[in-house]
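These notes are about the structure you will find just below.
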Amino acid sequence: MTNQDVFSKDSTYVSHTYNRFPAAIQSGHGATARDFDGNEYIDFGSGIGANALGFCNDEWVNAVTTQLRRVQHTSNLFYTLPNTQLAENLCQITGYSKVFFCNSGAEANEGAIKLARKYGREKKGERCNQIITLQNSFHGRTITTLSATGQDSFHQHFSPFTEGFRYVPINDCQQLSDAIDASVCGIMVELV
């Protein structure tokens, strides 16, 4: 198998919703990934933030393998000890009283948007539903998180988009201040 073999199969069977780099990753360890042609890469992107432990971290592989032998998945209709323990640890570390588990950054952002709008409506009335985000931001690929994304290139092809977002330039405190009024229930900024 070569990179080109993978590219060809991918082109045949995968809907291209993302632009990709010309590398087919076959394996990795630590920060180093290898493709099918024997090239090595250092992953400075950490799998877009989802692979911060590196490839095939031994401790992580052992923990996942141990859990897979017990139960690999259950819906949120049931309780599990690992879920409860992780929630407890996160609350103790952060000082928060509850956590919200989800499957992706887009789903986390959708939850934050819903929470801000619910709070705005309950505390300030129905008109308090606007969220300010930054120009050139990216918040996810669902319709609502695309709407929150401050890039015109993402505001094509899928209209109508969710209303209620305002975009301000990064590092422009005056425009941010000017955008805030009684209808604003939240400001959405991803710092990492």
Side-chain angles (χ1 to χ4, degrees), residues 1-76 78 80-87 89-90 93-94 99-113 133-158 161 167 169-171 188-192:
M1 180 77 58
T2 67
N3 283 348
Q4 192 55 52
D5 295 330
V6 176
F7 301 158
S8 180
K9 282 185 181 287
D10 186 273
S11 181
T12 301
Y13 298 111
V14 177
S15 177
H16 284 203
T17 57
Y18 297 86
N19 292 326
R20 297 183 185 192
F21 296 105
I25 304 304
Q26 180 184 31
S27 64
H29 194 270
T32 303
R34 288 169 199 79
D35 69 13
F36 285 86
D37 294 341
N39 299 305
E40 290 189 349
Y41 307 89
I42 298 174
D43 181 11
F44 286 103
S46 298
I48 312 178
N51 195 18
L53 297 176
F55 297 101
C56 300
N57 175 283
D58 291 334
E59 189 174 338
W60 180 84
V61 168
N62 290 335
V64 170
T65 303
T66 298
Q67 184 58 46
L68 287 173
R69 288 190 178 111
R70 291 185 188 132
V71 62
Q72 77 280 8
H73 175 264
T74 185
S75 75
N76 60 4
F78 301 98
T80 65
L81 182 59
N83 183 74
T84 304
Q85 288 174 322
L86 178 59
N89 288 343
L90 289 171
I93 290 167
T94 63
V99 298
F100 167 64
F101 292 123
C102 53
N103 297 307
S104 68
E107 190 177 353
N109 285 338
E110 289 267 357
I113 291 164
T133 71
L134 299 177
Q135 293 173 358
N136 296 317
S137 61
F138 181 78
H139 297 292
R141 293 189 182 271
T142 66
I143 289 296
T144 298
T145 58
L146 281 174
S147 302
T149 293
Q151 297 183 52
D152 290 337
S153 62
F154 286 98
H155 297 169
Q156 301 172 31
H157 311 295
F158 308 112
F161 285 91
Y167 315 100
I170 192 168
N171 296 326
M188 188 172 195
V189 179
E190 290 195 39
L191 301 176
V192 178

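Nothing here was measured: the structure is a model prediction, and the numbers come from that model.
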With a 3.5 Å cut-off and sequence neighbours excluded, list the donor-acceptor pairs that the side chains of residues 54-67 form with protein atoms.
{"from": "Asn57", "atom 1": "OD1", "to": "Glu59", "atom 2": "N", "distance (Å)": "3.0"}
{"from": "Asn57", "atom 1": "OD1", "to": "Trp60", "atom 2": "N", "distance (Å)": "2.9"}
{"from": "Asn62", "atom 1": "ND2", "to": "Asp58", "atom 2": "O", "distance (Å)": "3.2"}
{"from": "Thr65", "atom 1": "OG1", "to": "Val61", "atom 2": "O", "distance (Å)": "2.7"}
{"from": "Thr66", "atom 1": "OG1", "to": "Asn62", "atom 2": "O", "distance (Å)": "2.9"}
{"from": "Gln67", "atom 1": "NE2", "to": "Val71", "atom 2": "O", "distance (Å)": "3.1"}

Table please: side-chain donor-acceptor pairs of residues 13-24 below 3.5 Å, with sequence neighbours left out.
{"from": "His16", "atom 1": "NE2", "to": "Asp10", "atom 2": "OD1", "distance (Å)": "2.6"}
{"from": "Tyr18", "atom 1": "OH", "to": "Arg141", "atom 2": "NE", "distance (Å)": "3.2"}
{"from": "Arg20", "atom 1": "NH1", "to": "Asp10", "atom 2": "OD2", "distance (Å)": "2.9"}

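Note that CG of Leu146 and OG of Ser153 are 10.0 Å apart. Values are rounded to the nearest 0.5 Å. Atom OG1 of residue Thr32 and atom CD1 of residue Ile42 lie 5.5 Å apart, to the nearest 0.5 angstrom.
For the pair Ile25 and Phe36, the tightest heavy-atom approach, listed with the atom from each and the gap, is O-CE1, 4.0 Å.
The stretch residues 138-158 participates, sequence neighbours left out, in these ring pair (Phe, Tyr, Trp, His ring centres under 6.0 Å) pairs: Phe138-Phe154, His155-Phe161, His155-Tyr167. A salt bridge (Lys or Arg N to Asp or Glu O under 4.0 Å) check over residues 33-54, counting only residues at least two apart or in different chains, returns the pairs Arg34-Glu40.
Side chains of Asn3 and Gln26: a donor-acceptor N/O pair is absent below 3.5 angstrom, by distance only. Ser8 and Asp5 share no side-chain donor-acceptor pair at under 3.5 Å.
A donor-acceptor distance shorter than 3.5 angstrom exists from the side chain of Ser137 to the backbone of Gly150, with no hydrogens or angles considered. The backbone N or O of Ile143 sits less than 3.5 Å from a side-chain atom of Ser147, completing a donor-acceptor pair.
Looking at Val189 and Thr133, their side chains never come closer than 4.5 Å, going by heavy atoms from C-beta outward. Put simply, the side chain of Thr74 reaches to within 4.5 Å of the side chain of Thr80, judged on heavy atoms. Put simply, the side chain of Asn83 reaches to within 4.5 Å of the side chain of Phe101, judged on heavy atoms.
For Arg69, the salt bridge (charged side-chain N to carboxylate O under 4.0 Å, His left out) criterion is met by no residue, not counting sequence neighbours. Considering only residues two or more places apart in sequence or on other chains, Ala106 meets the side-chain contact (heavy atoms from CB on, under 4.5 Å) condition with Ser104, Thr142, Thr145.
Few gaps surround CG on Leu81; more than 12 heavy atoms of other groups in view lie less than 6.0 Å from it.
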